[in-house]
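This one's a predicted model, so the numbers in the text were calculated from it and none came from an experiment. In what follows, chains carry the letters A, B, and so on, assigned in the order in which the sequence lines appear, proteins first and then strands, with residues in each chain numbered from 1.
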There are 2 protein chains.
Amino acid sequence: MNPSLLPVLPCMCASFRRTSRALTQLYDQALRPLGLRATQFTILQALSLAGEVSQGQLGEMLAMDSTTLTRTLEIMGRHGWIAERRGADRRERRLRLAKAGETQFKRALPVWEKVQSRLRHKMGEQTWKNLLQLTNQVTDLITTQGDSI
Amino acid sequence: MNPSLLPVLPCMCASFRRTSRALTQLYDQALRPLGLRATQFTILQALSLAGEVSQGQLGEMLAMDSTTLTRTLEIMGRHGWIAERRGADRRERRLRLAKAGETQFKRALPVWEKVQSRLRHKMGEQTWKNLLQLTNQVTDLITTQGDSI
DNA sequence: GCGAGATAGATGTATATACATCTATAGGAG
DNA sequence: CTCCTATAGATGTATATACATCTATCTCGC
């Protein structure tokens, strides 16, 4: 590709969205044989790490509107990956991985690790660590103090 | 928000997508009074910087599938922001800002600059510069050598 | 217990996004 | 020129995403 066609975008939002698109295509491509999208893998991983959480808590973890999760969880529920029950607060949906969800997650792990590993080597350890730290910092900055920005 | 609800995600793709969602909400909120989405602002800015380009070139600039642009450009075309003509290669759509598009872009610029400025100060100059450089580097890494990753 | 305001999530709607496939056009082999 | 293949973009389809609004439920003051 002609390098001039990849200008440095002056907009932080545009830069992140562009990189997200590129990354998503890379991860989606790797996960496609499993019938799994990057977003869905992320939800499996989040539930695997967090155990049982409410839909709202999952949304906060991922900086995602909880009503967005309604649709994605519906799709994942069709595959039997998500188990849920009512919380003590009966408005809440308490979510966790169903057996089929754990199985799917375990199948996807080595594929994900391979993409991560290849990308990490291409980028270099320092850049990799910097980016994980910086992206987290920015998310935190916006979601915990967003109103004052 | 409870900090434990913003875990460091181990997945680079998930981290970028999460930060992109947070940033997009921030920029969208600022641009909403203008009836403009972050993606649409990005396209106005890209065309403002690049002049006349084909749909495919615009897609490469933004690491966006050119068929995705078909839909977004249709929406922006309804507002009269985009001018286009057939290229010498008659399969191509050559795109540029229409007068109304320039006007809209000029109206949006100060709003965008304010969000950028506030965020830059929150993040600090060094972090800001690092992130613009790193995100660009990663996009380049994937889009120019993606097949070998 | 009861009513008023707050909150969790569902639903309607619009945009963003990509891939598979299709059509029209280009460009080269002969 | 003709045919074959490659490419640009349009279209069908599915998912991702958020906001406005709605419903059910909670909580608090009384």
Distance-only check: which donor-acceptor pairs under 3.5 Å involve side-chain atoms of residues 106-115 of chain A, not counting sequence neighbours?
residue, atom, partner, partner atom, Å
A:R107, NE, A:Q104, OE1, 3.4
A:R107, NH2, A:Q104, OE1, 2.8

Per the under-4.0 Å heavy-atom filter, residues of residues 96-113 of chain A near DNA chain D come out as none
If I take atom OH in residue A:Y27 and atom C1' in nucleotide C:dA18, what distance separates them, rounded to the nearest angstrom? 18 Å
Test of understanding: with salt bridge (Lys or Arg N to Asp or Glu O under 4.0 Å), list the residues that count as partners of B:D65, not counting sequence neighbours. none
Please report, rounded to the nearest Å, how far the P atom of D:dA8 is from the CG atom of B:L73. 16 Å
5' to 3', nucleotides 8-16 of chain C under a 4.0 Å protein heavy-atom cut-off (B base, S sugar-phosphate only, - none) gives SSBBBB-SS
Does anything in residues 65-95 of chain B form a ring-ring contact (aromatic ring centres under 6.0 Å, His included)? List the pairs, not counting sequence neighbours. B:H79-B:W81
Kindly state each residue pair satisfying ring-ring contact (aromatic ring centres under 6.0 Å, His included) with at least one member in residues 124-143 of chain B, sequence neighbours excluded. none
If the threshold is 4.0 Å, N to carboxylate O, is there a salt bridge linking A:R94 and A:E92? yes
Here DNA chain D, pairs taken as Watson-Crick or G-U under 3.5 Å and shown with ( ), [ ] when crossing and | when to another strand, reads ||||||||||||||||||||||||||||||
Output all residues satisfying side chain to side chain donor-acceptor pair (under 3.5 Å) with A:Q116, sequence neighbours left out; order by chain, then residue number. A:Y27
Using distance only, find each side-chain donor-acceptor pair of residues 8-16 of chain A under 3.5 Å and give its atom names and separation, not counting sequence neighbours.
residue, atom, partner, partner atom, Å
A:S15, OG, A:L9, O, 3.3
A:S15, OG, A:C11, O, 3.0

Run the salt bridge (Lys or Arg N to Asp or Glu O under 4.0 Å) test against A:R96 and tell me which residues pass, sequence neighbours left out. A:E52
Taking only residues two or more places apart in sequence or in another chain, which ones pass salt bridge (Lys or Arg N to Asp or Glu O under 4.0 Å) with B:R78? B:E74
Sequence neighbours excluded - ring-ring contact (aromatic ring centres under 6.0 Å, His included) pairs with any residue from residues 87-107 of chain B: B:F41-B:F105
Return the value, rounded to whole Å, for the distance between atom CZ of A:R18 and atom C1' of C:dT17. 17 Å
Spacing between A:L26 atom CG and C:dT17 atom P, to the nearest angstrom: 18 Å
